[in-house]
Amino acid sequence: MTRSLALGALVISSVLVAAAYVAAMVSSGVPSWAPWALMVGTSTIMLATMVLGASRARGGVGKLAVPFVIIFAILIASFSAALSMPAESASSALWLGLPPRAAVILYGIGVFPLFLLPIAYAVTFETLTLSDDDLARVRAARAQRS
Amino acid sequence: MTLAQTSALPPLAQPIISVVAIVYFAIVAAIGVWATRRTRTASDFFVAGQGIGLWALAIASMAATLSGFAFIGGPGLVYSVGIGAVFIILPVSLTNSMGAWVLAKRMRLLAEVRDMITVPDAIGARYRSPLAQGLAAVAILIAVVGYMATNVLALGLVIDAIFGVGLAWGIWIGTLITLAYSVAGGILAGVYTDVFQGSLMALASVLVFVYVLEVGSGLSGISRTILGADPTFLGPWGKLTPLAALSFFFVFGLGSLGQPHVVHKFYMLRDPRRLKWYPLIMTTALFVTLLLYVGVGLAVKSLVATGTMPALARPDDATPVFLLRFTPLLLAALVFSGVAAAIMSTVNSFMSIGAAALTHDIPVALGRRVGNELLWGRISTVAISIVAALVAQASGTLVAFLGIFGWGLFSSTLVPALAIGLNWQGATRAGAVASIATGLVVTLLFETLAYLKVYTIPAGVSVAGLSLVGSLLVFLVVSWFTQGSEGAAIDPDIKLVMEV
């Protein structure tokens, strides 16, 4: 079920990315919706690919659903903010040393997931990624084959 | 991150810089000698005998991911287009975890059930298809020669700038040094020199970033200065369009799953359970090493805005000029050695996967095996390197052309068939072959048309992005329509790896 959903999301988001590119190629200027389509498409493709990789044959992604949802929300929210917030001026306020839109992109997308995803991966590694039992089964398959 | 330096650097021929570079090359040579004594089989040569540890895997992957572009071209790009240039490295916060979930475990477990030495091996085993394996190898070989040529040229430029020997000699000296340890010690030498080189790159980047903050009066000081002169520069897209910046994010984000010189290293890990901490170490190492990329570009823009520095004649001068004017000479020397280190580690990885494609994958696709893969691997490494060096010397525009499409070719030919295919049992042989062929044709066609000025795709649309999404859609659609065919079958051991 989880894999089917991820696959469906992958198909739809790939179509969105392709639509953004084709629209930019066939029209005289880039349509205003094209960056939005590319942003949503790219964020969804990356998340769907992660879910596809993390989900097990007979189960979903378990507790990993929480970091995945958080990351997806951050990507969409940060890109949306960058596309819709007012432009910078000489007197713009600074957020942690950067103008607001750049801060949202650099800290929101560039820094925040840096530790969230790797820690989620490590914490769930034995239960959701690779247990000793999994490894033993794989090694037994090798022995059986040879 | 294998975009490369293709324009000259300012002369750096000063005694301290030259001495540090010589010491650096001597250490690399010593590692090469050590590794040579441990390289006895083709498995040692191509996959380090599956005997490397977690730290070596992570740091070597980091070093192979970053070329000289991270230290020279990247800061130059930030200096010229602002925050938009950061979208090339922005996905780093996601890509290593994504790569761990999607590929690391599956690639490493494939090496448990089969004797895997190359990335196309995995494709061949997944689809039971020598054709898919051979096509992937051809794509890798084409991209490798282009990438190597641009990186060898970059290495020649750095060596010329440090020692003043001229570009032609710089190219051949750089090629011979990298070749010496790669031919003798194979990927084992490559991995351990990468560990040394990666550590050097990370250290140099952190130290330079400290100077960036000091010279610019902190990040707030830098931002305030730039905002006063050019607010658009610090907008989220910089001087790029939103479509162009987001396109970088797409290509360098999803495309990271198709970089064989990084993915291939998963085979080498001694114990698959050690992958647990791989994303954290790799992500932290990349983040630290990329501080220079962002910091120097912003600092130089700020210094130019205040009149402390004149505007740069070439954006690629940003790092050399900043280092020579604002950091101690020893640190500058360390960074220039780090640049050479970054390029050499990338070139070494390309030598290894290129030789493996030539010696192992293409013969397998043709239904034959090379008798002595270790010997022929060494011969292929020399042959590929000589071709790349000759291309690098032959023509600047040809090198630029070849270098442009490497990332896109890797991504569009490998991401669907490998990354998605190893995680979706519905993927079929026909889907894999069609997607690899689509990636090859679309990338080569559009890049050639652009090179010949017959058709240039609009600003904001990248050929790499177009070919990646095209091959992905072809893969999904063709697989969907060919499910149930003979080409949809999966061997039981491979199926187990995909289900675990």
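Every chain is numbered from 1 and lettered A, B, ... according to where its sequence line falls, protein lines coming before strand lines. Side chains included, hydrogens not; waters and symmetry mates left out as well; all remaining heavy atoms used.
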Flag, side chain of A:Arg139 to backbone of B:Val113, donor-acceptor distance under 3.5 Å: no
Before giving the answer on side chain to side chain contact (heavy atoms under 4.5 Å, CB included), spell out for B:Leu468 and A:Val17 the whole-Å C-alpha distance, their side-chain angles and the decisive distance to 0.1 Å. CA-CA 10 Å; B:Leu468 175 55; A:Val17 171; over 6 Å; no
So what's closer than 4.5 Å to chain B heavy atoms on A:Val30: side chain, backbone, both or neither? side chain
Between A:Ser91 and chain B, which part of the residue has a heavy atom less than 4.5 Å away: side chain, backbone, both or neither? backbone
Interchain contact, B:Leu254 with chain A, by part (heavy-atom threshold 4.5 Å): both
Looking at A:Leu64, A:Leu128, A:Leu116, A:Val123, which one has more heavy-atom pairs under 4.5 Å with chain B than the rest? A:Leu64
Check each atom of B:Val102 against the heavy atoms of chain A and say whether the ones under 4.5 Å are side chain, backbone, both or neither. both
Tell me, out of A:Leu83, A:Ile119, A:Asp133, who's got the most heavy-atom pairs with chain B below 4.5 Å. A:Leu83
With a 4.5 Å cut-off on heavy-atom pairs, point out which of B:Ile420, B:Ile457, B:Ile226, B:Asp230 contacts chain A the most. B:Ile420
Restricting to non-hydrogen atoms, name the atom on B:Ser220 and the atom on A:Gly97 that form the minimum distance, rounded to 0.1 Å. OG-CA, 3.4 Å
Step through the shown structure and confirm whether more than 12 heavy atoms of other residues, nucleotides or ligands are within 6.0 Å of CZ on B:Arg114. yes
Below 4.5 Å from any heavy atom of chain A, which atoms of B:Val461 appear? Answer side chain, backbone, both or neither. both
Just jot down the side chain to side chain donor-acceptor pair (under 3.5 Å) partners of A:Ser131, sequence neighbours excluded, or say none. A:Asp134
Derivation of the side chain to side chain contact (heavy atoms under 4.5 Å, CB included) call for A:Thr42 and B:Leu246: CA-CA 8 Å; A:Thr42 299; B:Leu246 288 165; 5.7 Å; no
Heavy atoms of A:Thr129 and B:Lys105 approach each other most closely as O-NZ, 2.9 Å
With a 4.5 angstrom heavy-atom cut-off, could you sort out which part of B:Pro231 is near chain A: side chain, backbone, both or neither? both
What pair of heavy atoms forms the shortest contact from A:Phe125 to B:Pro272, and how long is it? CZ-O, 3.9 Å
Engaged part of B:Tyr455 at the chain A interface, taking heavy atoms whose separation is under 4.5 Å: side chain
Check residues 4-14 of chain A and write down every donor-acceptor pair under 3.5 Å in which the side-chain atom is one partner and the other belongs to a residue at least two apart or another chain.
residue: A:Ser13; atom: OG; partner: A:Ala9; partner atom: O; Å: 2.6
residue: A:Ser13; atom: OG; partner: A:Leu10; partner atom: O; Å: 3.1
residue: A:Ser14; atom: OG; partner: A:Leu10; partner atom: O; Å: 2.7

Heavy-atom check, side chain of B:Trp277 versus side chain of A:Pro118, under 4.5 Å: no
Note: B:Ser97 and A:Leu117 closest approach over all heavy atoms is OG-CB, 3.3 Å
Picking from A:Pro35, A:Ala24, A:Ala122, which has the most non-hydrogen pairs under 4.5 angstrom with chain B? A:Ala122
With a 4.5 angstrom heavy-atom cut-off, could you sort out which part of A:Leu75 is near chain B: side chain, backbone, both or neither? side chain
Engaged part of B:Leu257 at the chain A interface, taking heavy atoms whose separation is under 4.5 Å: side chain
With a sphere of 6.0 Å drawn around CH2 of B:Trp480, does it hold more than 12 non-hydrogen atoms of other residues, nucleotides or ligands? no
Against chain A, work out which of B:Gly426, B:Ser462, B:Ala100, B:Ala229 has the most heavy-atom pairs shorter than 4.5 Å and name it. B:Ala100
Need one label for B:Thr232: side chain, backbone, both or neither, based on atoms under 4.5 Å from any heavy atom in chain A. neither
Could you please spell out the steps behind the salt bridge (charged side-chain N to carboxylate O under 4.0 Å, His left out) verdict for B:Asp493 and A:Arg142? CA-CA 7 Å; B:Asp493 57 335; A:Arg142 166 81 181 225; over 6 Å; no
Could you check whether any side-chain heavy atom of A:Val15 comes within less than 4.5 Å of a side-chain heavy atom of B:Leu473, counting everything from C-beta outward? yes
Taking B:Thr283 for its side chain and A:Leu114 for its backbone only, find out whether a donor-acceptor pair lies under 3.5 Å. no
Which atoms of A:Ala34 approach chain B - backbone, side chain, both or neither, heavy atom under 4.5 Å: both
Could you walk me through whether B:Leu227 and A:Leu94 satisfy the side chain to side chain contact (heavy atoms under 4.5 Å, CB included) test, starting with their C-alpha distance in whole Å, then the side-chain angles of each, then the deciding distance to 0.1 Å, before giving a yes or no? CA-CA 10 Å; B:Leu227 277 176; A:Leu94 297 181; 3.8 Å; yes
Minimum heavy-atom separation for A:Tyr121 and B:Lys276, please, with both atom names. CD2-O, 3.4 Å
Chain A heavy atoms under 4.5 Å from B:Phe250: which part of the residue, side chain, backbone, both or neither? both
Contacting moiety of B:Tyr278, where chain A heavy atoms sit under 4.5 Å: neither
Interface residues of residues 236-244 of chain B facing chain A - heavy atom cut-off under 4.5 Å: B:Pro236, B:Trp237, B:Pro242, B:Leu243
Counting heavy-atom pairs under 4.5 Å to chain A, which of B:Gly460, B:Gly465, B:Gly218, B:Gly470 comes out on top? B:Gly465
Do you know the tightest heavy-atom contact between A:Ala54 and B:Trp101? CB-CD1, 3.5 Å
For the pair B:Arg106 (side chain) and A:Gly53 (backbone), establish whether a donor and an acceptor sit closer than 3.5 Å, ignoring hydrogens and angles. yes
May I ask you to name which of B:Ile83, B:Leu94, B:Val86, B:Val415 has the most heavy-atom pairs under 4.5 Å with chain A? B:Leu94
Heavy atoms only, distances under 4.5 angstrom: which of B:Thr284, B:Leu280, B:Val477 has the most pairs with chain A? Name it, please. B:Leu280
A:Leu96 portion near chain B, given a 4.5 angstrom heavy-atom threshold: backbone
If one checks every heavy atom of B:Leu466 against chain A at 4.5 Å, the contacting part turns out to be both
Under a 4.5 Å heavy-atom criterion, the part of residues 98-108 of chain A in contact with chain B comprises A:Leu98, A:Pro99, A:Arg101, A:Ala102, A:Ile105, A:Leu106, A:Tyr107
Heavy-atom contact with chain A under 4.5 Å, split by part of B:Leu472: side chain
Between B:Gly99, B:Ala419, B:Gly228, B:Ser247, which residue shows the highest count of heavy-atom pairs closer than 4.5 Å to chain A? B:Ser247
Apply side chain to side chain contact (heavy atoms under 4.5 Å, CB included) to the pair B:Leu109 and A:Leu130, showing each step before the final yes or no. CA-CA 10 Å; B:Leu109 292 185; A:Leu130 184 66; 3.9 Å; yes
